[in-house]
Structures are given as structure tokens and as C-alpha cells.
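Let me begin by presenting the structure, written as C-alpha cells, before commenting on it.
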Amino acid sequence: MEENDVSLPRATLTKMVKELLPHDMRCAAECMDMLMDCCTEFIQLLSSEANELAMADQKSTITPEYVTRALQQLGFEEWAEQVKTSHEQFKAEAKQAPKLANRKTKAELEGMTEDEQIEMQRRLFAAARARSMTTDAVAEANVHAAYGAMQQQHLQGDSAAAAAGGQYQQEEAMHDDDDDDDEQ
């Protein structure tokens, strides 16, 4: 198979093969590759035949009916009936399935507002973050928190902090003067 060819999802095919094989049987990687190539080729052949049938009817869409007719023309009559039955079952299940737009979250079912949900999410993230931090990370977070608190005090114009800062600057200036005298 060429690089630009389309193929089936490997995990899906592997799961199908494992479900069909006896529990004590395994499938080699080369065998899985060959099965993928065969399945891809079969789907391409089937879709090509269904496309030709649709074009013959001057239709631009391949419908399930064209697929079942293509199966019959390709010699897979016994599969055509199974495909019809599966398609009908799928349509019935799709009608009964709840619509995505009508689904509600657990929080909505419990009557929580959007703001309450956002606040709960914020708390859950904070708790998860706290659990995941190591002791070094906690220490670093404490340093950042202390630095943030100092910045907040500075921005609020805390007079006590400003006075203490001013006193510190005066002491520094005095020490600088002493150093200048020593150098002369």
C-alpha cells in the first residue's frame, strides 16, 4: 500500500481481530498489516462500485441502498442482508439516543449555576495543583506568594511599609557616606 492511500484505524482492526480469535491465539504484526491492506482494498472496491451505481442513477450521493446493491453485484449477497439489518438497527438506536444538545452535566442536574460551577472548577484545580507540588515547589510557591504580597502592599501604598522602606534607604545612605570617608 502506498503512503498516500487511506487505511482503517489500526487500533480498531486490532480490537476486532482480538475479539474474533480464540483467547490462546495471537495475530502476528505482518498478518495485521495484510488484514489492514485487504480491508482497505475491500472498502475501496465496494465504495467504487456503489459510486458507479449512484452515477448510473445520476445521483451525487452514495446511500446505504447503493452499498447493499454493490455488495450483491460483487458477489456478497449473503452480506447484503446483514448490512441492511445492521443499518436499520443503527438508525433505530440513533433515534433513541439522547441528543447532545439536550444532555446536562451532573452539576446542572444538581441545580448549580454557571458561576457556582466555575468556582467549583477553580477550587478543584487549586486542590489538584496543591497535591501535585513537591516540597521544593511548595517552598518556591511560598516565596512567590510572599513576593506577590509585598508587591500588593507596595501598590496599595501601605504607609508602614513605605516608612520602613524610607528608614532602610536612610541607613543605606549613611553607610555609603561612611564608605566614602574610608576611601579618602
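For the numbers below, each heavy atom of this structure counts, side chains included, while hydrogens, waters and symmetry mates do not. Along the sequence shown, the residues carry numbers beginning at 1.
A 4.5 Å side-chain heavy-atom check between M32 and L13 finds at least one atom pair inside the cut-off. Taking 4.5 Å as the limit, some side-chain heavy atom of R69 sits within range of a side-chain heavy atom of D57. Within the 4.5 Å cutoff, no side-chain heavy atoms of V67 are placed close to those of L53. Using a 4.5 Å heavy-atom cutoff, the side chains of K84 and E88 are not in contact. Considering only heavy atoms from C-beta on, I118 stays 4.5 Å or farther from R122 through its side chain.
Atoms CE and CD, on M36 and E41 in that order, are 13.5 Å from each other to the nearest 0.5 Å. Between the CG atom in L74 and the CH2 atom in W79 there is a gap of 10.5 Å [rounded to 0.5 Å]. D33 CG to R10 CZ: the interatomic distance, rounded to the nearest 0.5 Å, is 4.5 Å. The structure places OG1 of T40 at 6.5 Å from CG of D37, a figure rounded to the nearest 0.5 Å. For the atom pair SG (C31) and CZ (R26), the distance works out to 12.0 Å, reported to the nearest 0.5 Å. For the atom pair CD (Q82) and CG (L71), the distance works out to 10.0 Å, reported to the nearest 0.5 Å.
No side-chain donor from either of Y66 and N51 sits under 3.5 Å from a side-chain acceptor of the other.
Residues that satisfy the salt bridge (charged side-chain N to carboxylate O under 4.0 Å, His left out) test with K15, not counting sequence neighbours, are absent from this structure. When the side-chain contact (heavy atoms from CB on, under 4.5 Å) test is applied to D115, the partners found at least two apart in sequence or on another chain are T113.
V83 and L45 fall within the same hydrophobic cluster, where Ile, Leu, Val, Met, Phe, Trp and Tyr residues are linked whenever their side-chain heavy atoms come under 4.5 Å apart, directly or through other members. One hydrophobic cluster, built from ILVMFWY side chains closer than 4.5 Å, cannot hold both M34 and L21; they sit in different ones.
Residue E19 qualifies as enclosed at atom CD: its count of foreign heavy atoms under 6.0 Å is above 12. Summarising the local packing, CZ of F90 is surrounded by 12 or fewer heavy atoms from other residues, nucleotides or ligands at distances under 6.0 Å.
Other members of the cluster containing M120 are M112, L124, with ILVMFWY side chains joined at under 4.5 Å, either directly or via other members.
Contact detail for A70 and A50: the closest heavy-atom pair is CB-N, 3.7 Å.
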- Task: Apply the test side chain to side chain contact (heavy atoms under 4.5 Å, CB included) to residues H87 and K91: give CA-CA distance (whole Å), side-chain angles for both, the deciding distance (0.1 Å), then the verdict.
- Result: CA-CA 6 Å; H87 183 253; K91 286 192 323 188; 3.4 Å; yes

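S48 places no side-chain N or O within 3.5 Å of a backbone atom of Q44 that could act as its donor or acceptor partner.
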